[in-house]
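The block underneath contains the structure these notes are about, expressed in structure tokens.
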Amino acid sequence: MKIGNRLFYPRAFLALDRQVVATVCRALGDLDSCEKMIFWLREHGAVGGRGIAAALDAGVAVIKVQRLAAAWTRERVGGRVAGA
């Protein structure tokens, strides 16, 4: 993830398959890096109250996380458009 002029690879990603991380990040679309990081770090009820990395590590299906990421993105983008 690029924040400012620096690239970061969150520690939580190290235990995950690189393709899985890429799939979830792509589902987050054009959200900025900070919003993507918030998605990864916060706990989500839809995945058992866990953070995304922990949920994936616990066996939650990638497609479920991908759908959650897409919904999260729609919610945020829709909020920006409505507030404009």
Would you check, one step at a time, whether the test side-chain contact (heavy atoms from CB on, under 4.5 Å) holds for L56 with D17?
-> CA-CA 10 Å; L56 289 165; D17 179 87; over 6 Å; no

Verify the neighbour count for atom CZ of R67: are there more than 12 heavy atoms of other residues, nucleotides or ligands below 6.0 Å?
-> no

Output the distance between atom OG (S33) and atom CD1 (I38), rounded to the nearest 0.5 Å.
-> 11.0 Å

Reported CE-to-CG distance for the pair M37 and L28, which is rounded to 0.5 angstrom | 11.0 Å

Ring pair (Phe, Tyr, Trp, His ring centres under 6.0 Å) contacts in which one or both residues fall within residues 41-65, not counting sequence neighbours = F39-H44, H44-W72

Less than 4.5 Å apart, any side-chain heavy atom of L68 and any of I52?
-> yes

Heavy-atom side-chain proximity of K36 to V24 below 4.5 angstrom | no

Return the set of residues passing side-chain contact (heavy atoms from CB on, under 4.5 Å) with Q66 (not counting sequence neighbours), or none when no residue passes.
-> T23, A27, I63

Minimum heavy-atom separation for D57 to L16, with atom names?
-> N-CD2, 4.3 Å

